[in-house]
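Remarks on the structure that follows.
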Amino acid sequence: MPFFQTAPELPHPFHADRVLKGYLARVLPPDVHRAIVPEIEAMGDLTGGELYALQQEDRENLPRLVQWDAWGNRVDRVELTPLWKRAQRIAAERGLVATAYERKHGALSRVHQFALVYLFHPSSDIYTCPLAMTDGAAKTLITHQAHALVERALPRLTSRDPARAWTSGQWMTERTGGSDVGTSEAIARQVNGQWRLDGTKWFTSAVTAEMALTLGRPEGSRPGGKGLALFYVETHDAAGRSLIQVNRLKDKLGTRKLPTAELTLDGTPAIPVIGLENGVKAITPMLTITRTWNGICAAGEIARAIALARDYARRRQAFGAALSDKPLHVETFADQVAEAEAAFHLAFRAAELLGREEAREASAAELALLRLVTPLSKLGTARQAMSIVPEVVEVFAGAGYVEDTGIPRLLRDAQVLPIWEGTTNVLSLDALRAIAHGGALEALSAEVKATAQELRSAPLQRVGREAASAVDHAAGWLQERLAKGPAALEAGARGVALTLARAYSASLLCRQAQWSIDRERDGRSQAAAVRFASHGLDRLVDGDPAAAALADDRPMPL
Ligand code: MFK
């Protein structure tokens, strides 16, 4: 009988997820836990069963842009993959956006919502992108009290009825790039009292959305982000005709089921959301939401990668034993598991704080903390996905490099996480912006120190102290760099952001680990905390005068 390797089997995404179950058991009061967990468990049934199977079957399908109908009419219709069509229904019916706005569980409603999203994401072929945008659009319209738009769009954006539900797009990126959005060139003109947009949006979220939030510069306005205005756009008129031209779908490295488009606005009707200036600032509520989704989705994708690799390692026989019994595999894989557990807690802490803000239960310190934890969670978890997922692919070795195992998708889809919604460097600068507002670093430091005080297990106490000392080091470093000027500060921004992200993750993981020791008599979270800290929390780097010579290959006299 010739040898055939056994394929990995996905364990139940909820039942097999010790980290998610333990977290929910700790943070949810018993009545909320009883109410929510069956729903989350059911999402696990779906995402590990029907959706996962469909994802494998659907592997080679791609969305298709149909620009013209048989009679020469420009239609710009996108034909979706079967999984996306199914995901549309599930997302509405299971309230993946609605849960946050129904707010059945007060400040814990975001934890409720994001536990569902965390399980849904890895089997959704990135249907979470339009959902994140939809959530961000709802939040932005509410924040700006754009009453007429809230009345028109919110019931759709938060509907549980698939026939009524809308998704929103976010069109920020132009040919000038997705980071320095203030350079956007789209022009807004008022014609007979109606605002209209002209320009090219170069990299949009899913173009299947019924509406979008976008930026345009009212004619004659000043340059930069302050001269832009935030607009609400619907993509079709009442007769169903497209109000935008879809030039092409992007041919991307990953997220290939997601119909990201390049489009032209040619007199597209638009409604200002809040005034006619400060558009960049006006769209930031959307960024807060989509960055939180990014962190949760990174944690979900990492969990999927770990679950598949763990299962495979138990099946794979090599050199006379299962891979899961090989000491070197065990060492290297445990490193990834520890990083994954830390990433989970950072992502969910952002969700907790957001929920507290929305339920108006957040203190001033928590509000400042939310502003900092949002970029930290986005950038920290995205970088962790980029280190963990390639290691997981390596566990599968050659099989992980072969498309029909489904493993390469994990790698491709992870690579987007540190890119969209702000790169690691852009978000590191955003973290400095958050710190400059005041109160955020102080709140983070106070929380990390309070946690360190509460820990009773000696190994956790050591990690707790290390986290506190990394935060102190970052705070001292910032003071010192402030005195040296903006270039010195900017050069070290990533080091500061990663240090804070890692130290805060370690502290959050310690809190969970102490609970797990006390309540579950389980040492795995403690082991994860110790191992995570052993990878180093402090990522601060001293300025290197040779950096420009190396980066730009300039001559460097000795
Ligand atoms: C699962 C997830 C799915 C995701 C799918 C994504 C598909 C879509 C594809 C894309 O479009 S990806 C590209 C997304 N682009 C970004 O996320 C933007 C990245 N760039 C930034 O975030 C820059 O930092 C920023 C554009 C905001 C910088 O622009 P400016 O004009 O230099 O901003 P400035 O002057 O620093 O800030 C303007 C105001 O906004 C300031 O307030 P004040 O005027 O009161 O001083 C800032 O404090 C405020 N602000 C900036 N960032 C903020 C913020 N406020 C709150 N939160 C923030 N994050």
Side-chain angles (χ1 to χ4, degrees), residues 96 114 117-118 120-122 124-137 139-140 143 167-174 176-184 201-207 209 212-215 222-228 230 250 252 254-255 258-263 277-301 347 357 367-368 370-379 381-382 385 413-414 416-438 440 493:
L96 290 179
F114 281 122
V117 170
Y118 165 86
F120 176 72
H121 170 75
S124 78
D125 278 349
I126 320 284
Y127 192 72
T128 36
C129 169
L131 296 178
M133 300 303 149
T134 304
D135 191 349
K139 173 83 175 188
T140 305
T143 303
T167 58
S168 175
Q170 177 219 63
W171 306 339
M172 276 175 74
T173 302
E174 298 195 4
T176 47
S179 296
D180 189 4
V181 174
T183 56
S184 296
K201 296 292 171 180
W202 185 243
F203 221 115
T204 69
S205 53
V207 75
L213 294 185
T214 191
L215 299 171
R222 59 186 154 160
K226 292 197 188 328
L228 292 168
L230 175 63
K250 293 288 193 186
K252 295 164 292 173
T255 68
L258 160 60
T260 306
E262 195 182 303
L263 53 90
E277 52 187 9
N278 291 322
V280 167
K281 188 179 170 74
I283 205 167
T284 56
M286 185 158 202
L287 301 184
T288 300
I289 298 295
T290 57
R291 288 169 183 176
T292 309
W293 275 74
N294 211 93
I296 298 289
C297 293
E301 196 77 66
E357 181 243 334
L367 291 177
L370 169 64
R371 175 69 186 85
L372 175 58
V373 170
T374 305
L376 293 185
S377 117
K378 196 281 186 185
L379 73 90
T381 57
D413 287 355
V416 83
L417 295 165
I419 293 177
W420 66 11
E421 296 310 300
T423 61
T424 309
N425 283 356
V426 166
L427 284 162
S428 299
L429 295 172
D430 191 50
L432 292 192
R433 203 192 271 116
I435 291 169
H437 281 307

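Starting from 1, each residue takes its place in the sequence as its number. Just so we're clear, the structure is a prediction, and the values are computed from it rather than from any experiment. Both counts, for ligands and for their atoms, begin at 1 and track the order of listing.
- Every atom of ligand 1 is numbered from 1 in the order shown, and the set under 4.0 Å from a heavy atom of Met133 is 4 (C), 5 (C), 6 (C), 7 (C).
- In the candidate list Thr183, Asn278, Leu370, Val280, Val280 is nearest to atom 29 (O) of ligand 1, counting heavy atoms.
- Residue Thr290 holds its OG1 atom at 9.0 Å from CD1 of Ile283, rounded to the nearest 0.5 Å.
- Annotation: atom 21 (C) of ligand 1 to nearest protein heavy atom, Val426 CG1, 3.5 Å.
- Closest heavy-atom approach to atom 9 (C) of ligand 1 among the candidates Trp202, Phe203, Tyr127: Phe203.
- In terms of N/O distances under 3.5 Å, ligand 1 is not approached by Asn294.
- In Trp171, neither the side chain nor the backbone holds a heavy atom less than 4.0 Å from any atom of ligand 1.
- Protein heavy atoms are absent from the space less than 4.0 angstrom from atom 35 (O) of ligand 1.
- Distance check, rounded to the nearest 0.5 Å: CD of Glu421 to CG of Leu427 gives 9.0 Å.
- Thr288 OG1 to Lys378 NZ: the interatomic distance, rounded to the nearest 0.5 Å, is 13.0 Å.
- The protein non-hydrogen atom at the shortest distance from atom 1 (C) of ligand 1 is Trp420 CZ2, 3.9 Å.
- Using a 4.0 angstrom heavy-atom cutoff, Ser179 counts as in contact with ligand 1.
- Summary of contacts: the protein heavy atom closest to atom 24 (O) of ligand 1 is Arg433 NH2, 3.0 Å.
- The line from CE of Met172 to CG of Leu215 is 6.0 Å long, rounded to the nearest 0.5 Å.
- In terms of polar-atom proximity, Lys281 is counted as a contact of ligand 1, with an N or O under 3.5 Å from an N or O of the ligand.
- Atom 16 (C) of ligand 1 is approached by the protein to below 4.0 angstrom, counting heavy atoms only.
- For the pair Arg291 and ligand 1, the shortest N or O to N or O distance falls below 3.5 Å.
- In terms of protein heavy atoms, atom 58 (C) of ligand 1 is closest to Arg371 NH2, 3.2 Å.
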(message) What verdict does the side-chain contact (heavy atoms from CB on, under 4.5 Å) test give for Asp135 and Thr292, after you've listed the backbone C-alpha separation in whole Å, the side-chain angles of each residue and the deciding distance to 0.1 Å?
(response) CA-CA 11 Å; Asp135 191 349; Thr292 309; over 6 Å; no
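- Atom numbering of ligand 1 starts at 1 in the shown order; those under 4.0 Å from a heavy atom of Cys129 are 3 (C), 5 (C).
- The shortest N or O to N or O distance between Thr128 and ligand 1 is not below 3.5 Å.
- For Lys226, the heavy-atom gap to ligand 1 drops under 4.0 angstrom.
- Between the side chain of Lys252 and the backbone N or O of Leu258, at least one donor-acceptor pair lies under 3.5 Å.
- Atom 46 (O) of ligand 1 is not flagged as protein-proximal [any protein heavy atom, distance under 4.0 Å].
- The distance from the CD atom of Glu357 to the OG1 atom of Thr374 is 9.0 Å, given to the nearest 0.5 Å.
- Taking all heavy atoms of Thr423, Leu287, Asp430, Thr284 into account, the minimum distance to atom 59 (N) of ligand 1 is reached by Asp430.
- Thr214 places a side-chain N or O within donor-acceptor distance of the main-chain N or O of Trp171, the cut-off being under 3.5 Å.
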(request) Apply the test side-chain contact (heavy atoms from CB on, under 4.5 Å) to residues Leu417 and Thr381: give CA-CA distance (whole Å), side-chain angles for both, the deciding distance (0.1 Å), then the verdict. (result) CA-CA 8 Å; Leu417 295 165; Thr381 57; over 6 Å; no
(request) Check the pair Met133 / Met286 against side-chain contact (heavy atoms from CB on, under 4.5 Å), numbers first and verdict last. (result) CA-CA 7 Å; Met133 300 303 149; Met286 185 158 202; 4.1 Å; yes
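- Here Arg291 pairs with Asp430 in a salt bridge; the nearest charged N to carboxylate O distance falls below 4.0 Å.
- The shortest contact between atom 6 (C) of ligand 1 and any protein heavy atom is with Glu421 OE2, 3.1 Å.
- Polar contact with ligand 1: present for Gly178 (N/O pair, distance under 3.5 Å).
- The structure places OG1 of Thr143 at 7.5 Å from CD1 of Ile289, a figure rounded to the nearest 0.5 Å.
- Using a 4.0 Å cut-off between a side-chain N of Lys or Arg and a carboxylate O of Asp or Glu, Glu262 and Lys201 do not qualify as a salt bridge.
- Between Thr173 and ligand 1, at least one N/O pair is under 3.5 Å apart.
- Backbone and side-chain nitrogen or oxygen atoms of Gln170 are examined, and one is located within less than 3.5 angstrom of a nitrogen or oxygen of ligand 1.
- Contact annotation: the side chain of Leu96 never approaches that of Tyr127 to less than 4.5 Å [non-hydrogen atoms, C-beta and beyond].
- Distance check for atom 55 (N) of ligand 1: a protein heavy atom is found below 4.0 Å.
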